[in-house]
Amino acid sequence: MAQINDLLPNDNSANQKARDDIDTILSKYPSNVIKTWHDAANFFDQEDYRNSLDSIRLTLELVVREILNNEKSIEHQTKEMGKYLESRGISKEFRNLFFRVLDMYNKIQNDFAKHSTPDGLEVSEIRFLMNQAVIILKFLDECR
């Protein structure tokens, strides 16, 4: 698996394998999931950070909906996701860590992308958010 900095490094030529790894993970889901992921990566490459952040968030939400077999927004999945992770043997401590990370991710997304433009964020912060979403996706995939 790719390292966190490999997904969206400063040098776009260095990240194709990492992006292919994400394609492999997301190929297990309906085609709209991988399309939304591709949109996120393409928007990032074009420096359209607002749409990039929206698309990566939607990718994550679509995966969670698919895993939990419902149509709830990601902010309303805590109870179901907790049960899901517990059923997969994930300890209470790691579930708590997961929800803290997810909560902060959602808060930043809401404050800087969903309800605004990411003008106040540096490219390194946007890259971090993108990579954070990918780490969450990888974790959820490993739990399946």
Side-chain angles (χ1 to χ4, degrees), residues 1-12 14-16 18-86 88 90-144:
M1 269 304 152
Q3 297 298 312
I4 187 168
N5 292 331
D6 292 341
L7 179 63
L8 295 166
N10 294 328
D11 175 12
N12 283 340
N15 66 12
Q16 191 56 51
R19 290 183 182 194
D20 289 346
D21 289 345
I22 303 307
D23 284 354
T24 300
I25 290 170
L26 297 179
S27 69
K28 303 168 190 172
Y29 298 93
S31 61
N32 65 325
V33 175
I34 201 160
K35 182 198 176 307
T36 307
W37 152 245
H38 287 162
D39 289 347
N42 289 332
F43 285 132
F44 183 88
D45 292 342
Q46 297 165 14
E47 298 180 8
D48 181 351
Y49 300 129
R50 165 68 191 268
N51 284 317
S52 181
L53 290 173
D54 283 346
S55 294
I56 195 71
R57 183 184 189 286
L58 180 56
T59 302
L60 181 56
E61 187 166 281
L62 291 171
V63 166
V64 170
R65 286 177 176 178
E66 186 69 23
I67 289 171
L68 299 177
N69 196 28
N70 67 41
E71 292 296 317
K72 294 179 182 180
S73 68
I74 199 162
E75 294 93 352
H76 296 99
Q77 298 280 24
T78 304
K79 184 176 181 180
E80 290 86 353
M81 183 56 66
K83 289 178 185 178
Y84 172 80
L85 293 174
E86 184 176 16
R88 298 301 191 268
I90 305 301
S91 69
K92 180 180 178 181
E93 293 79 12
F94 276 90
R95 290 193 312 267
N96 288 339
L97 173 62
F98 174 81
F99 286 118
R100 285 184 183 149
V101 169
L102 189 60
D103 180 56
M104 285 305 303
Y105 173 82
N106 285 329
K107 180 178 179 2
I108 292 169
Q109 275 280 26
N110 285 337
D111 291 349
F112 288 98
K114 187 175 178 183
H115 302 296
S116 184
T117 58
D119 297 333
L121 297 177
E122 297 293 325
V123 174
S124 60
E125 294 169 318
I126 292 166
R127 185 179 293 113
F128 179 84
L129 284 174
M130 298 286 290
N131 283 318
Q132 194 63 53
V134 169
I135 288 173
I136 293 168
L137 288 168
K138 287 180 178 182
F139 176 71
L140 292 174
D141 181 65
E142 291 175 4
C143 291
R144 284 190 95 178

Inset, instruction - Please check if atom CD in Gln46 has more than 12 non-hydrogen atoms from other residues, nucleotides or ligands closer than 6.0 Å. - result: yes
Inset, instruction - Indicate yes or no: at least one non-hydrogen side-chain atom of Glu75 is less than 4.5 angstrom from one of Asn110. - result: yes
Legend entry - Aromatic ring proximity Tyr49/Phe44, centre distance under 6.0 Å: yes
Legend entry - Ser52 side chain to Asp48 backbone, donor-acceptor under 3.5 Å: no
Inset, instruction - Working to the nearest 0.5 Å, report the span between CG of Leu137 and CD of Gln132. - result: 10.5 Å
Inset, instruction - Could you check if a side-chain atom of Val64 sits within less than 4.5 angstrom of a side-chain atom of Ile136, using non-hydrogen atoms only? - result: no
Inset, instruction - To the nearest 0.5 angstrom, please state how far the CD atom of Gln77 sits from the CG atom of Leu68. - result: 5.0 Å
Legend entry - Atom pair CG (Asp54) and OG1 (Thr36), whose distance is rounded to the nearest 0.5 Å: 11.0 Å
Inset, instruction - Over all heavy atoms of both residues, which pair between Asp23 and His38 is shortest? Give the atoms and the distance, please. - result: OD1-NE2, 2.9 Å
Inset, instruction - Work out which heavy atom in Ile56 is nearest to a heavy atom in Tyr105; give both atom names and the distance. - result: CG2-OH, 3.6 Å
Legend entry - Contact check, side chains of Val33 and Glu66, non-hydrogen atoms, under 4.5 Å: no
Inset, instruction - Check whether any side-chain heavy atom of Asn106 sits under 4.5 Å from a side-chain heavy atom of Arg57, and report yes or no. - result: yes
Legend entry - N-O pairing of Lys35 and Asp39 below 4.0 Å: yes
Inset, instruction - Measure the shortest side-chain to side-chain distance between Lys138 and Ile22 over non-hydrogen atoms and say whether it is less than 4.5 angstrom. - result: yes
Inset, instruction - Give a yes or no answer on whether the side chain of Arg65 reaches the backbone of Lys72 with a donor-acceptor pair at less than 3.5 Å. - result: yes
Legend entry - Any side-chain heavy-atom pair of Ile90 and Tyr84 under 4.5 Å: no
Inset, instruction - Might you confirm whether atom CZ of Arg100 has over 12 heavy atoms from other residues, nucleotides or ligands at distances under 6.0 Å? - result: no
Legend entry - Enclosure of Asp20 CG (heavy-atom neighbours >12, cutoff 6.0 Å): yes
Legend entry - Non-hydrogen side-chain atoms of Leu60 and Leu102 separated by less than 4.5 Å: yes
Inset, instruction - Identify whether the distance between the nearest side-chain nitrogen and carboxylate oxygen of Lys107 and Asp103 falls below 4.0 Å. - result: no
Legend entry - Closest non-hydrogen atom pair, Ala40 against Met130: O-CE, 3.8 Å
Inset, instruction - Check whether any side-chain heavy atom of Val63 lies under 4.5 Å from a side-chain heavy atom of Trp37, and answer yes or no. - result: no
Legend entry - Under 3.5 Å donor-acceptor, Glu61 side chain and Ser73 backbone: no
Legend entry - Gap separating the NZ atom of Lys28 from the CD1 atom of Ile34, nearest 0.5 angstrom: 11.5 Å
Inset, instruction - Rounded to the nearest 0.5 Å, what's the gap from OG on Ser124 to CG on Asn131? Could you check? - result: 11.0 Å
Legend entry - Whether over 12 other heavy atoms sit under 6.0 Å from Phe99 CZ: yes
Inset, instruction - State, to 0.1 Å, how close Ile126 and Leu121 come at their nearest heavy-atom pair, and which atoms those are. - result: CG1-CB, 3.9 Å
Legend entry - Separation of Glu71 CD from Leu62 CG (nearest 0.5 Å): 8.5 Å
Inset, instruction - Report the C-alpha distance between Met81 and Phe98 in whole Å, list the side-chain angles of each, state the deciding distance to 0.1 Å, and finish with yes or no for side-chain contact (heavy atoms from CB on, under 4.5 Å). - result: CA-CA 10 Å; Met81 183 56 66; Phe98 174 81; 3.7 Å; yes
